[in-house]
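The next block holds one structure in the form of structure tokens; read it before the comments.
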Amino acid sequence: MPSAKKLVDSCETLISLPEIYLRVREVIDDPHSSMEDLANALSLDPSMTARVLQLVNSPLYGIPRKIDTLSQAVNLLGMRPVANVVFATNVAKAFAQLPPSVMNMTDYWRKSVLCALIAVHLARACGMQDGERLFVAGLLRDVGHLVLYYTVPERAQSALIEAANFNQPLDEVERANIGCDYAEVGGDLMKKWEMPERLEQAIRWQLTPLRASKAERDAAIVKVAGACADSFETLGAKVELPAAGMEDALALLRISEDEVKKLVREAQSQQRETLAMIYPAAMAMAA
């Protein structure tokens with residue numbers, strides 16, 4: 001069976017990082033670059049410029065005054081956070097060749113955006129000062145499935161059906177049928193694309209947060225947020241965390257299940273507006 005790394009390597013010729021992100025990476029990797037250089041790089045992509053400004057003015061960041069220019073946004077958020085937002089919001093372009101028959105991207109991003117918002121609310125409830133940083137981790141929580149559906153679509157679909165029919169954890173079925181699970185694949189993709197280590201660990205160890213040596217709480221937040229997003233997708237307005245498997249994450253975060261459910265409702269109220277920023281095509285399809 002193929003390893004997660006082999007699956008990620010095998011789709012390298014099929015997927016590529018968006019050009020805007022490559023430009024942004026060149027700027028932040030240059031020790032002599034400035035915030036103005038980053039703003040100039042972003043300004044070459046009008047749609048990305050609008051997206052960054054929309055995000056920085058959204059409730060996600062809670063900035064009391066309106067931010068009108070890219071330079072203001074970059075100075076407020078910093079280089080790396082802006083680069084991460086640019087990356088996360090352009091992942092859809094990297095996987096543009098994925099056939100609709102294999103993966104419904106509107107459904108994928110609807111759930112991913114909800115997961116991202118729940119992650120931010122959880123982080124803030126747990127007293128993390130930079131809670132909005134978890135938005136990217138939540139948004140990319142399920143990115144490993146995009147790789148699986150690109151490289152082994154039949155096995156990935158079979159695992160999904162088997163897990164649902166036999167009420168088994170999807171990651172366990174994927175490891176048995178494919179040889180690795182979506183979290184491991186997502187972690188290897190983050191490593192391949194040289195994303196920050198804390199982000200890589202949050203995604204790689206989301207199923208077992210205690211193994212994330214440098215990002216235990218981040219991984220725990222992604223685990224709880226992902227479980228809530230999955231539940232919301234299945235049960236609608238009713239959110240139920242799995243009966244088993246959440247204890248380690250909730251203990252790390254020092255938060256109760258009732259508190260989590262309240263946060264999910266708050267996140268859900270922001271889902272539609274945020275989805276329109278992250279994946280505008282979803283709104284066009286719904287219209």
[X] side chain near [Y] side chain, heavy-atom distance below 4.5 Å:
X	Y	value
Leu122	Met128	no
Val143	Tyr108	yes
Trp109	Leu139	yes
Pro59	Glu266	no
Cys115	Asp142	no
Leu146	Met105	yes

Can you give each donor-acceptor pair under 3.5 Å made by side-chain atoms of residues 61-68, sequence neighbours left out, with the distance rounded to 0.1 Å?
none

If I compare all heavy atoms of [X] with all of [Y], which pair ends up nearest, and what's the gap?
X	Y	answer
Gln201	Ala212	OE1-C, 3.3 Å
Ala137	Ile203	O-CG1, 4.3 Å
Cys228	Val260	SG-CG1, 3.4 Å
Leu42	Met48	CD2-CG, 4.1 Å
Tyr149	Ala156	OH-O, 3.7 Å
Cys180	Val185	SG-CG2, 3.7 Å

Please tabulate, for the side chains in residues 218-225, all donor-acceptor contacts under 3.5 angstrom to protein atoms that are two or more places apart in sequence or on a different chain.
| from | atom 1 | to | atom 2 | distance (Å) |
| --- | --- | --- | --- | --- |
| Asp218 | OD1 | Arg133 | NH2 | 3.4 |
| Asp218 | OD1 | Arg198 | NH2 | 3.3 |
| Asp218 | OD2 | Arg133 | NH1 | 2.6 |
| Asp218 | OD2 | Arg198 | NE | 3.4 |
| Asp218 | OD2 | Arg198 | NH2 | 3.3 |
| Lys223 | NZ | Leu207 | O | 3.2 |
| Lys223 | NZ | Gly245 | O | 2.5 |
| Lys223 | NZ | Asp248 | OD1 | 3.2 |

Item to check | Joint hydrophobic cluster, Val152 plus Val173, side-chain heavy atoms closer than 4.5 Å | outcome: no

Item to check | Same apolar cluster (I L V M F W Y, side chains within < 4.5 Å links), Leu199/Leu22 | outcome: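 Yes, Leu199 connects to Leu22 through the hydrophobic network.
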
Please list every donor-acceptor pair under 3.5 Å in which a side-chain atom of residues 74-84 meets a protein atom from a residue at least two apart or in another chain.
| from | atom 1 | to | atom 2 | distance (Å) |
| --- | --- | --- | --- | --- |
| Asn75 | ND2 | Ser71 | O | 2.7 |

Checklist entry - Is Arg175 paired with Asp181 through a side-chain N to carboxylate O contact shorter than 4.0 Å? => result yes

Next on the checklist: If you apply the rule side chain to side chain contact (heavy atoms under 4.5 Å, CB included), what do you find for Trp193 with Arg25, and how did you get there?
Outcome noted: CA-CA 11 Å; Trp193 282 349; Arg25 276 291 297 272; 5.7 Å; no

So how far is it from [X] [atom1] to [Y] [atom2], rounded to the nearest 0.5 Å?
X	Y	atom1	atom2	value
Arg141	Leu134	CZ	CG	14.0 Å
Ser10	Lys5	OG	NZ	10.5 Å
Ile178	Glu184	CD1	CD	11.0 Å
Asp30	Leu38	CG	CG	11.5 Å
Cys126	Leu253	SG	CG	4.5 Å
Leu44	Thr49	CG	OG1	8.0 Å

Side chain to side chain donor-acceptor pair (under 3.5 Å) involving [X] - partner list, sequence neighbours excluded:
X	result
Gln271	none
Glu197	Lys214
Glu19	Arg23
Gln72	Thr69

Checklist entry - With no hydrogens and no angle check, do the side chains of Asn40 and Ser43 hold a donor and an acceptor under 3.5 Å apart? => result no

Counterpart residues, side chain to side chain contact (heavy atoms under 4.5 Å, CB included), relative to [X] (two or more places apart):
X	value
Ser256	Asp258, Glu259
Glu257	Glu240, Leu241, Lys261
Asp107	Asn104, Arg110
Glu200	Met190, Lys191, Arg204

Item to check | Under 3.5 Å donor-acceptor, Asn165 side chain and Glu162 backbone | outcome: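 Not at all, since once roles are kept as given, no pair shorter than 3.5 Å links the two residues.
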
Next on the checklist: Let's go through Val120 and Gln270 carefully: what are the C-alpha distance in whole Å and the side-chain angles of both, what is the deciding distance for side chain to side chain contact (heavy atoms under 4.5 Å, CB included) to 0.1 Å, and is it a yes or a no?
Outcome noted: CA-CA 12 Å; Val120 172; Gln270 300 170 342; over 6 Å; no

Next on the checklist: Angle between ring planes, Tyr21 versus Phe87, binned at 30° and 60°: parallel, tilted or perpendicular?
Outcome noted: tilted

Checklist entry - Going through the distances and angles, do Ile255 and Leu263 end up as a side chain to side chain contact (heavy atoms under 4.5 Å, CB included)? => result CA-CA 11 Å; Ile255 194 168; Leu263 295 176; 3.8 Å; yes

Item to check | Verdict with reasoning, Leu210 to Leu252, per side chain to side chain contact (heavy atoms under 4.5 Å, CB included) | outcome: CA-CA 9 Å; Leu210 293 175; Leu252 270 173; 3.8 Å; yes

Checklist entry - Has Gln54 got more than 12 heavy atoms of other residues, nucleotides or ligands less than 6.0 Å from its CD? => result yes

Item to check | Pairs satisfying ring pair (Phe, Tyr, Trp, His ring centres under 6.0 Å), at least one member in residues 201-226, at least two apart | outcome: none

